[in-house]
Amino acid sequence: MAADRYLQPRQAQYRPPTNYEDLLGDAIERSFAAGIHDLAGLVESLNRQGMTTRAGQPWTEENYGAEMAALSR
C-alpha cells in the first residue's frame with residue numbers, strides 16, 4: 001500500500017492525545033475562530049482562557065514555540 005502523500009507527519013500520532021493536549025487544542029481553535037491569527041494575540045487568548053503550559057506557567061511568545069515543539073515529539 002502506498003503512503004498517502006498528503007498526510008502530514010504530525011497528524012498521525014501513535015497514541016491518543018492526552019487530556020491536556022485536547023484542552024489546549026480546543027483553546028487554540030477557539031482563538032482562531034475568534035479571528036486571532038498572530039502569536040501575540042494567541043498567547044494573550046490562551047492566558048485569558050486560563051490555559052497554561054504543561055508546567056503550569058502562563059504562555060509567552062518565548063515559551064510557545066518550545067512548548068509546541070515538545071508536544072510534537
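Numbers for residues simply follow the sequence, beginning at 1.
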Heavy-atom donor-acceptor pair, Glu21 side chain to Thr18 backbone, under 3.5 Å: yes

Flag side-chain contact, heavy atom, 4.5 Å: Thr53 against Tyr64: no

For residues 25-36, which side-chain donor-acceptor pairs fall under 3.5 Å, sequence neighbours excluded?
| from | atom 1 | to | atom 2 | distance (Å) |
| --- | --- | --- | --- | --- |
| Arg30 | NE | Gln49 | OE1 | 2.7 |
| Arg30 | NH2 | Gln49 | OE1 | 2.8 |
| Ser31 | OG | Ala27 | O | 3.0 |
| Ser31 | OG | Ser45 | OG | 2.7 |
| Ser31 | OG | Gln49 | NE2 | 3.2 |

Test side chain to side chain contact (heavy atoms under 4.5 Å, CB included) applied to Glu62 - qualifying residues, sequence neighbours left out: Thr60

Min side-chain heavy-atom separation Asp38-Leu42 under 4.5 Å: no

Note, Trp59 side chain near Glu44 side chain (heavy atom, < 4.5 Å): no

Distance-minimising heavy-atom pair for Asp22 and Pro17: OD1-CG, 3.4 Å

CG-CG distance between Leu46 and Leu24, expressed to the nearest 0.5 angstrom: 6.5 Å

Interatomic distance, Leu23 atom CG to Met51 atom CE [nearest 0.5 angstrom]: 5.5 Å

Check against side-chain contact (heavy atoms from CB on, under 4.5 Å), Arg54 and Leu71: CA-CA 10 Å; Arg54 290 178 297 164; Leu71 287 169; 3.7 Å; yes

Beyond-backbone contact of Val43 with Glu61, side-chain heavy atoms, under 4.5 angstrom: yes

